[in-house]
Amino acid sequence: MMRVLRPLFALLSLTAGLTANAQQLDLFDPDDFVDPRDLRGRTVFISRLVVGASGDSVDQNRPLGQDVAFVHLANSLYWSRFQLDYKHSETHGENPKPSRETPCFEKGNAAARICAEARIDEGQPPEPGAKNLMQVSWYQTLGQRVTVRYRVAYARQDAVPETVAYGAGLKDYDDTRMAQIDAGVRVGGRTLSGYVGYTELTRLSTIDQVQQQTITLGAFLPLYQVARGILTPRLQISGIADTGPAIDVVNPSLDFSWTIPRAGVNVHAIYSPVYGDLGDGTRLKHQVAVYADYAILVLPWRSKRD
Amino acid sequence: MKSSRFPPLGYFLAMIGMLATPLAAESYTATIVQIVLDRCGAPPTLVVIPNEDEELPSEFEAERLGKSFTWQVDTHQPFNAEGRVASVRFEGGRTGCDKSLRVPLEDSTYPWLAQFRFKCDPLEPLWRSLTIDNNAAVPMSTVRDLAPCKEKSLQSKAPSQLTSVAWEKEKIYVHFGSPGKLLFDSYDMEIKNGKFAGTPIDGKLTVKRADLIRDLDRRGGRGGANAGTIQNGNLHRKIVTVTLRNVQ
């Protein structure tokens, strides 16, 4: 993993500011980067609803193995240089929830160990379900043209415990902690941006409390207008380490979006292939998603000093 | 005790400060601007356009000194005579941009004047006029970017007419409503090489509000849906359509 990441870090240091945002987020998460100068002294609260479906889905670099439908609610507060987000998503798969329970032999404290020997599925993703995400971000402007965002986040998603032996202390959720630096640079009338992020997923629903660490580098390439829509190309490279061998994942994406002005709805069609040893025997996942987002509540108010 | 191959950061900062001090540009206060043309025109007056400059007026006229190829104006406004950038308009055309030199001046309150010297390259007749109007007569500010020139105009009433536009080369940024700031990249509208969002301005082009927002989204990079909503709130609420007309 580090073989690939080392030159990337070198490139990052050379192009500081040109790269920065990890999409450890769901593909449909409207991850906004709002330059505080664009707020023009206002505080803005936006609640946005996202509804759609995704095929060949991947959750934190783990293939779900099924198509899913999702509803996502993102509440964002932009205040001064801060951005606070609370996001909730519900994801439902096409297949019934597969049981992750394993045969266990109740022998007191040995139960957990026996279950683990019976089946190790810690590399598999959780079943589609609910997820809550909290993000706290702070923006820094460097001169006239560079804006940097520092973000920490915590996510909790439902997961069926690996064994019925709750006595082993297993939870019915998994935790994710994230730290991320984004940067946007204004060049020739456009803003170029990128990100670097670190994610630590702790599978509290597994007996071994498996941890997966991911370092992600990504960049948004210049956006293009196509007919009445906008094409957003993005390239992302991740290095993942957990209990198994470290793997590298390459994940470009093309997001074509167009706005229906009268309805205030943005429609997105995303193609985001994921290439890497994802642990399910395949190396390439053709992840696609179609969704619509709509701002159900926009509350701008001007601060007293302005 | 912890050792390091490198001295503490403070040493570097102090060294940078010591090096930077003698390099800092000295200030030479002047009020007079002088233009020297390379015998390529002899109008009685010409218009001087300072660049990225909040200190000076956005434009002023200079008068020819006798039969010489020198024009001069007293701005009556003290400014630093070293390293200002400006261009000149005359006879329907324009020069490129040049940096000022400080020239000694005798018997004056300020002992210097800012002199700009322009070589006159034969330019193709690509100059056009562009009129920018909007449905609600909202005033606007513009910045004209013809590298290395960056000329900011004061806020003007609608319609606004820009003359001597280098049609295939120039970028024009337009901001509606409150006076625009020097960070013009984020202005409401970008007209680039005679096109808006890739659409050529042939004669007349009407741009809808949704088109402006879409182009702001494109220029804003990965801003996202909320950034688009905020941009929509920033664009003057009365702007529904913007009309662009060009005359060759």
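Throughout, a chain's letter reflects where its sequence line sits, starting with A, and its residues are numbered from 1. No hydrogens, no waters, no symmetry mates; every other heavy atom, side chains included, goes into these values.
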Q: Against chain B, label A:Pro300 side chain, backbone, both or neither, depending on which of its atoms sit under 4.5 Å from a heavy atom there.
A: neither

Q. Side chain, backbone, both or neither: which part of A:Asp38 has a heavy atom under 4.5 Å from chain B?
A. both

Q.
Quick check on the 6.0 Å ring-centre criterion: do A:Tyr139 and A:Phe33 meet it?
A. yes

Q | Non-hydrogen side-chain atoms of B:Ile132 and B:Leu244 separated by less than 4.5 Å | A | yes

Q) Hey, which residues of residues 188-202 of chain B are touching chain A, say heavy atoms under 4.5 Å apart? A) B:Asp188, B:Glu190, B:Ala197

Q: Kindly write out the residues that satisfy side chain to side chain contact (heavy atoms under 4.5 Å, CB included) with A:Thr191, not counting sequence neighbours, or none if the list is empty.
A: A:Arg186

Q) Are A:His268 and A:Asp293 side-chain neighbours, meaning at least one heavy-atom pair lies under 4.5 Å? A) yes

Q) For A:Tyr86, what residues pass the side chain to side chain contact (heavy atoms under 4.5 Å, CB included) criterion, not counting sequence neighbours? A) A:Asn75, A:His88, A:Asn132, A:Met134

Q: Give the ring-plane orientation class for B:Phe118 versus B:Phe116, where under 30° counts as parallel, over 60° as perpendicular and anything between as tilted.
A: parallel

Q | chain B contact via A:Tyr224 - which portion, at a heavy-atom distance below 4.5 Å | A | backbone

Q | Contact winner vs chain B - A:Ile230, A:Val34, A:Leu221, A:Asn266, heavy-atom pairs under 4.5 Å | A | A:Ile230

Q: Have a look at A:Ser137 and tell me which of A:Gln83, A:Gln180, A:Arg151 forms a side chain to side chain donor-acceptor pair (under 3.5 Å) with it.
A: A:Arg151

Q. Residues two or more places apart in sequence or in another chain: which of them pass side chain to side chain contact (heavy atoms under 4.5 Å, CB included) with A:Ile296?
A. A:Ser47, A:Leu49, A:Leu73, A:Tyr294

(Q) Quick check for you: to the nearest 0.5 Å, what is the distance between A:Thr176 atom OG1 and A:Gln60 atom CD? (A) 4.0 Å

**Q.** Leading residue by heavy atom contact count with chain A [cutoff under 4.5 Å; candidates B:Ala225, B:Gly233, B:Gly228, B:Ala227]
**A.** B:Ala225

Q: For chain A, find which of B:Asn232, B:Asn226, B:Ile230 contributes the most heavy-atom pairs closer than 4.5 angstrom.
A: B:Asn226

